[in-house]
Amino acid sequence: MFIKDYISKDYPAFNTNDSIEEANEMAKEFGYSHVFIKKRGVYLGALSQSFLEESPEGNLSTLEIHYERFAVFEDGNMLDSVKLFHTFGSNILPILSKTEKYLGYLSCDDLFGEFAKYPLFSETGAMLIVQINEKSYSMTEIAKIVESNNAKIYGCYISAFIGDDVQITLKISSGNLSSIDETFERYGYNVVHKYYEDEKEDLMKDRFGFFQKFMEF
């Protein structure tokens with residue numbers, strides 16, 4: 001899950017004296033949302049392909065005030081990239097060394113490919129969203145409820161704060177679901193939503209929704 005293990009090098013960063021047109025054509029050819037600019041190997045920032053499309057002819061240096069400063073470092077974790085993809089509407093992130101040298105990039109497809117290996121997304125099961133007062137929330141208790149009913153947790157995260165309540169989304173194995181629902185209710189949890197194995201179409205949609213919510217953190 002370390003960034004350094006996922007560095008791709010086939011998409012170069014441009015120098016400030018390279019032309020806007022050349023950078024725009026490269027981004028369109030690769031299908032990436034941004035181009036990266038460097039000077040003497042040091043990363044300066046990024047420009048979106050859509051912005052380049054509307055820019056007048058000239059060199060990239062003329063657009064310096066519009067550079068967006070975002071990147072991940074090679075010693076970071078893949079999770080570090082999630083919010084950046086979402087915040088900057090990008091499908092590609094530059095990867096830098098500790099001295100901010102451009103090393104390569106991480107694509108959104110690389111991230112999806114990595115997370116797709118996790119049981120959270122790959123295993124067939126059920127998804128539950130439970131709600132309880134934030135002061136009463138306990139991950140230990142949630143795990144106990146699921147596992148005491150002979151089920152396994154594939155993934156669990158806080159998906160929303162609603163007033164004084166917290167909502168927790170769980171992906172679990174699909175056995176004893178009725179019993180799990182009843183146990184949550186006995187412990188004071190409100191089962192807000194549930195998506196079971198036999199709702200195959202909804203379950204597939206919710207896997208993507210699950211990841212999109214994860215991307216918002």
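Owing to the predicted nature of the structure, the values given are computational and were not obtained by experimental measurement.
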Note to self: side chain to side chain contact (heavy atoms under 4.5 Å, CB included), that's the test. Do L128 and D181 meet it? Break it down for me.
What the structure shows: CA-CA 9 Å; L128 300 178; D181 287 356; 3.9 Å; yes
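- Taking the charged nitrogens against the carboxylate oxygens, E100 and R69 do have a contact shorter than 4.0 Å, which makes a salt bridge.
- Judged by distance alone, the side chain of S107 and the main-chain N or O of D110 form a donor-acceptor pair under 3.5 Å.
- For Y43, the ring pair (Phe, Tyr, Trp, His ring centres under 6.0 Å) criterion is met by no residue, not counting sequence neighbours.
- Sparse packing is recorded around CD of E21, with 12 or fewer heavy atoms of other residues, nucleotides or ligands lying under 6.0 Å away.
- For the atom pair CG (N17) and OG1 (T62), the distance works out to 11.5 Å, reported to the nearest 0.5 Å.
- For D10, the CG atom counts as densely surrounded, since its 6.0 Å shell holds more than 12 non-hydrogen atoms of other residues, nucleotides or ligands.
- How far CD1 of I172 is from CD1 of I145: 10.5 Å, rounded to the nearest 0.5 Å.
- The main-chain N or O of K152 is found under 3.5 Å from a side-chain atom of S173 such that the two form a donor-acceptor pair.
- Other residues, nucleotides and ligands contribute more than 12 heavy atoms inside 6.0 Å of the NZ atom of K28.
- Of all heavy-atom pairs spanning L177 and A126, the tightest one is CD2-CB, 3.7 Å.
- Residues E64 and T16 form no side-chain contact, since every pair of their non-hydrogen atoms from C-beta on lies 4.5 Å or further apart.
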Worked check of side chain to side chain contact (heavy atoms under 4.5 Å, CB included) between M78 and L106 | CA-CA 9 Å; M78 289 284 275; L106 173 71; 4.0 Å; yes
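- With contacts defined as side-chain heavy-atom distances shorter than 4.5 Å, the pair L96/V72 does not qualify.
- Qualifying ring pair (Phe, Tyr, Trp, His ring centres under 6.0 Å) partners for H193, counting only residues two or more places apart in sequence or in other chains: none.
- Annotation: side-chain hydrogen bond (donor to acceptor under 3.5 Å, both in side chains) contacts involving residues 131-146, sequence neighbours excluded, comprise Q131-D165, Q131-Q167, E141-Y189.
- With hydrogens and angles disregarded, no donor-acceptor distance shorter than 3.5 Å links the side chain of N91 to the backbone of C108.
- In terms of heavy atoms, L84 sits closest to L93 at CB-CD2, 3.9 Å.
- With sequence neighbours left out, F51 forms a ring pair (Phe, Tyr, Trp, His ring centres under 6.0 Å) with H66.
- Among Y32, F70, F30, F85, the one residue that satisfies the ring-ring contact (aromatic ring centres under 6.0 Å, His included) test with Y105 is Y32.
- Counting non-hydrogen atoms of neighbouring residues, nucleotides and ligands closer than 6.0 angstrom, the CZ atom of F88 exceeds 12 such neighbours.
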Side chain to side chain contact (heavy atoms under 4.5 Å, CB included) for E68 and L47? Distances and angles first, verdict last. CA-CA 6 Å; E68 295 180 279; L47 289 168; over 6 Å; no
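- Put simply, the side chain of N24 does not reach to within 4.5 Å of the side chain of V35, judged on heavy atoms.
- Considering only residues two or more places apart in sequence or on other chains, Y102 meets the ring pair (Phe, Tyr, Trp, His ring centres under 6.0 Å) condition with F36.
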Can you list the steps and then say if K38 with N15 is a side chain to side chain contact (heavy atoms under 4.5 Å, CB included)?
CA-CA 5 Å; K38 63 182 181 179; N15 293 303; 3.6 Å; yes
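- Checking side-chain atoms of D80 against main-chain N and O of F73 turns up no donor-acceptor pair under 3.5 Å.
- Atom-to-atom distance recorded for I142:CD1 and T183:OG1 is 13.0 Å, nearest 0.5 angstrom.
- Across L103 and S97, no two heavy atoms sit closer than the pair CD1-N, 3.6 Å.
- Under the side-chain hydrogen bond (donor to acceptor under 3.5 Å, both in side chains) criterion, R40 pairs with no residue at all, not counting sequence neighbours.
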